[in-house]
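One structure below.
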Protein chains: 2
Amino acid sequence: MSRAEQREQTRRALLRESRRLFAAEGYGAVGLSQIVNAVGVTKGALYHHFDDKTALFRAVLAQVQEEVGRRVAATADAEPDPWDQFVAGCHAFLTASADPAIQRIMLIDGPAVLGWNEWRAFDEATSARHLTDALTRLIEAGIIARQPIAPLAHLLSGAMNEAALWLATSADPGALADTKAALTRMLESLRT
Amino acid sequence: MSRAEQREQTRRALLRESRRLFAAEGYGAVGLSQIVNAVGVTKGALYHHFDDKTALFRAVLAQVQEEVGRRVAATADAEPDPWDQFVAGCHAFLTASADPAIQRIMLIDGPAVLGWNEWRAFDEATSARHLTDALTRLIEAGIIARQPIAPLAHLLSGAMNEAALWLATSADPGALADTKAALTRMLESLRT
DNA sequence: CCTTTCGCATACCGTCGGTATGTGAAAGCT
DNA sequence: AGCTTTCACATACCGACGGTATGCGAAAGG
């Protein structure tokens with residue numbers, strides 16, 4: 001195996017195990033020794049690939065965010081109508097964020113570990129980006145009223161984040177459907 | 001000074017400095033030695049009053065939550081009309097949560113330190129409680145459509161939390177007004 | 001074949017959360 | 001009043017964890 005291959009393999013293994021452990025136990029509860037033991041390397045390897053523990057988390061978060069962003073975009077793009085794209089994208093985000101593993105990394109530890117500012121930048125670069133883009137298009141097309149986009153985007157983003165967190169712990173089997181219904185009503189109210 | 005007085009005084013001082021430091025630097029970045037040095041006691045005192053670091057944070061969070069809850073309730077109760085109470089309460093929460101010190105403790109570190117479940121329980125006991133109560137009254141009064149309350153409450157709660165976080169870092173001076181306007185439109189859409 | 005690179009291991013350190021134990025003053029008892 | 005008990009801390013200490021400095025051996029380059 002070449003050195004580049006070996007390097008890539010180790011890095012991926014570190015990311016895999018980190019993600020698994022961070023998702024399962026939370027950033028603070030996971031020690032670096034746990035991670036390197038699970039991978040079968042030492043801390044030397046870890047610090048060769050990442051500057052510190054937060055850099056490792058950053059890489060994991062970027063991976064998670066990109067996955068969610070892709071899922072949202074893919075679902076939205078499947079719809080031909082702009083409005084339907086918007087609604088489908090929102091529902092897709094809610095569904096994707098329902099995974100507790102995604103939540104712990106993306107919604108719980110993300111802001112606490114990196115600080116809200118950097119976390120926001122991550123979100124803006126991936127899933128939230130699609131939201132503002134969609135809102136912009138809908139306003140340009142005259143489908144929803146012309147208004148400042150940023151406040152609306154944050155209200156909607158926060159609504160979906162929190163709803164997703166709640167869904168994960170809700171015992172009610174109809175909760176997802178109820179939430180999607182409430183969200184849809186909320187979105188519908190934006191149409192002119 | 002009696003022993004009970006001394007005890008109470010030390011406890012309050014620990015809570016004061018903890019809250020200050022947690023708000024300023026974040027839970028993870030604050031060491032217990034920082035806190036006890038600032039107060040002028042030792043770790044012995046701290047561990048005499050609190051089981052561990054998370055218990056200290058819990059006490060601080062409870063204090064913050066109760067303050068916010070009181071402010072929201074007070075503002076809402078000043079309005080005679082149920083619908084106006086609802087809107088005023090939401091705006092009051094947004095205003096109260098605009099304080100970065102409140103945010104760091106209540107919205108950023110809260111879920112990460114205690115886990116989302118326990119954090120939810122705290123929120124439910126204070127500020128979110130007022131939201132569900134208000135929604136229940138509005139539905140009973142026929143002012144908004146009859147629908148599951150919990151999903152709606154979480155959507156709104158999340159929307160306001162995220163909006164507040166965004167407002168704190170937004171340089172735009174009109175952001176608060178824009179956000180309140182967008183929130184008001186969102187709330188208005190609930191009316192039958 | 002010799003040198004350089006580099007991916008990783010080993011060994012070690014400071015700090016932090018947490019604990020076990022000591023102590024002196026206030027509170028209760030007779 | 002004097003003796004005992006309680007208790008609000010202080011002191012001393014420990015293990016674990018994040019982080020670093022250094023060594024090493026195999027692949028890459030000439």
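Every chain is numbered from 1, with letters handed out A, B, ... down the list of sequences. No hydrogens, no waters, no symmetry mates; every other heavy atom, side chains included, goes into these values.
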Round to a whole Å and report the spacing from [atom1] of [X] to [atom2] of [N].
X	N	atom1	atom2	value
B/Gln34	C/dC16	CD	P	8 Å
A/His48	C/dG7	NE2	P	4 Å
A/His49	C/dC8	NE2	C1'	8 Å
B/Arg3	C/dG24	CZ	P	15 Å
A/Arg11	C/dC8	CZ	P	11 Å
A/Leu14	C/dG7	CG	P	13 Å

Pairwise 5' ranking along DNA chain C for B/Ser33 and B/Ala4, keeping only the more 5' one:
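Comparing both residues, the 5'-ward one is B/Ser33.
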Run the salt-bridge test on [X] and [Y] with the 4.0 Å N-O cut-off and return the result as yes or no.
X	Y	result
B/Asp133	B/Arg137	no
A/Arg70	A/Glu67	no
A/Arg104	A/Glu25	no
A/Glu17	A/Arg12	no

Given 3.5 Å as the limit, does a donor-acceptor pair link the side chain of A/Glu79 with the main chain of A/Ala88, or not?
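No.
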Does the side chain of A/Gln6 get closer than 4.0 angstrom to OP1 or OP2 of C/dC8 through an N or O atom?
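For C/dC8, OP1 or OP2 has a side-chain N or O of A/Gln6 closer than 4.0 Å.
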With a cut-off of less than 4.0 Å, is there a side-chain N or O of A/Thr10 near OP1 or OP2 of C/dG7?
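Result: no.
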Ring centres under 6.0 Å, that's the criterion: do A/Trp83 and A/Phe86 meet it?
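Yes: the rings meet the under 6.0 Å criterion.
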Would you verify whether the NZ or CZ of A/Lys53 falls within 45 degrees of the ring axis of A/Tyr27 while also being under 6.0 Å from that six-membered ring's centre?
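Ring-cation test returns yes.
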Could you check whether B/Thr54 and B/Arg58, counting side-chain N and O atoms only, form a donor-acceptor pair closer than 3.5 Å?
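On atom types as modelled, these side chains qualify, holding a pair under 3.5 Å.
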Side-chain donor-acceptor pair under 3.5 Å between B/His91 and B/Thr184, yes or no?
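A pair is found: one side chain offers a donor N or O, the other an acceptor, under 3.5 Å apart.
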Please compare A/Tyr27 and A/Ser2 by the position of their nearest nucleotide in DNA chain D and report the one closer to 5'.
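By nearest-heavy-atom nucleotide position, the 5'-most residue is A/Tyr27.
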Proximity to DNA chain D (any heavy atom under 4.0 Å), residues of residues 35-43 of chain B only:
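Contacts with DNA chain D under 4.0 Å: B/Val41, B/Thr42.
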With heavy atoms of chain B within less than 4.0 Å as the criterion, where does contact along DNA chain D begin and end?
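Both ends considered, the range comes out as D/dT6 to D/dT11.
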For B/Gly31, report the nucleic acid contact type (base, sugar-phosphate, nothing); a contact means any heavy atom under 4.0 Å.
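Sugar-phosphate contact only - B/Gly31 comes under 4.0 Å of backbone atoms but never of a base.
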